[in-house]
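Owing to the predicted nature of the structure, the values given are computational and were not obtained by experimental measurement. Each ligand, and each atom within it, is numbered from 1 in the order the structure gives.
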Amino acid sequence: MTKVKEVVERFEKFAPKEIAEPGDPVGLQLGSLSAEIKKMMVTLDVRPEVVKEAIDQQVDFIFAHHPAMFHPVKHFDLTVPQNQMYAELIKHGITVYAAHTNLDNAPGGMNDWLAAALGLTATSSLLPLKEESLDQLCVYVPRAAAATVRQALAQAGAGSIGNYTGCSYSAVGTGRFLPNQAAQPLIGQANQPSQAAEEKLEVFVRPRLVGQVIQAMLAAHPYEEPVYYLVPVHGLNQKYGMGRVGQLKHPLTVEKFALMCKQTFKISGLRVISPDLNQIISRVAVLGGSGAQFYPAALQAHADVYLTGDVTYHTGHDILAAGLTVIDPGHHIESICKPNLKRLFEKWRSENDWQFPIITSRLNTDPFKFI
Ligand SMILES: [Zn+2]
């Protein structure tokens, strides 16, 4: 049986939690990472009707884009529908995990799916690129124990770079030390200068794994006082950024593009803020979810049109005054994540020999209807 932890770890290689926006409650929402998966469901939102669907489908692992608990619970009053939903999840032993802005920001994630759906080419990040942080651990090990320590480091998750695991580098040298009276040295004796053939081991470590990696290294290291240090590194890190901007294959009027968006995202209505519906557009910015606040970035990127959700009245005025065209197709277009996540998880399932079925929620969780 496969545990939630294994599936989540594979996903987090694709979209690490560290690349989520600050304060975004991504990760395990409810349940346990050590739970075993019999059936997995991918959903945009975790709503009472989605939980009912999961129970009916005998799902025990829900993978959601939007965190289930946007508003923290202060009173677990079961007459509140949201709390009732949490109770149902617990009662049925369903584990819930959310990948929110880390999925938005991941290369090949939400915003790339939206850009691809719109047929954009030559895409780049809309917001400035950020760099995922990475540390390098250097440790000096007697040569006889180097293989053991290297193995412990790899098992604890150090040295994972792209498609490679267990990456490390060694340089051979001589370590020198003078043990004092109280020391219990592996090599040499108290009060006598000693030296040993050592390897300097270097491995890259993601910051969230530093604690467990150092613990594993210390457990495997034979010295009384292992010498090691940690340094932040730049250059190797994955770069990521929110939103995308790219080119349409064929220029369109704002109106035609808006109609195309309706078709693409299968929605019955959308809102357009535009000084001129007949303006020809070719450069398009897109940011899934609530991205109205980032319209200046769309202007700066010379986008003719910016597609994002949840635009409010006064921001709409500001956008119009700035001469930008914005199309608000709603937040629910992010449901594009369902088939795409299913495809990714199915790929990882066959690579890892996971046995559980993966389904997508069939429900439309858009709270808005057009009449
Ligand atoms: Zn969203």
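Take a cut-off of 2.8 Å around the Zn ion (ligand 1): the protein N, O or S atoms inside it are H66 NE2, H331 NE2, E334 OE1.
Taking 4.0 Å as the cut-off between side-chain N and carboxylate O, K200 and E202 count as a salt-bridged pair. Between D60 and K39 no salt bridge is recorded (no basic side-chain N to carboxylate O distance below 4.0 Å).
Annotation: side-chain hydrogen bond (donor to acceptor under 3.5 Å, both in side chains) contacts involving residues 41-50, sequence neighbours excluded, comprise D45-H66, D45-T365, R47-Q82.
The nearest pair of heavy atoms linking T95 to A35 is OG1-CB, 3.7 Å. Taking each heavy atom of T308 and S290 in turn, the nearest pair found is OG1-C, 4.1 Å. Nearest heavy atom pair, residue A68 against residue V96, reads CB-CG1, 4.4 Å.
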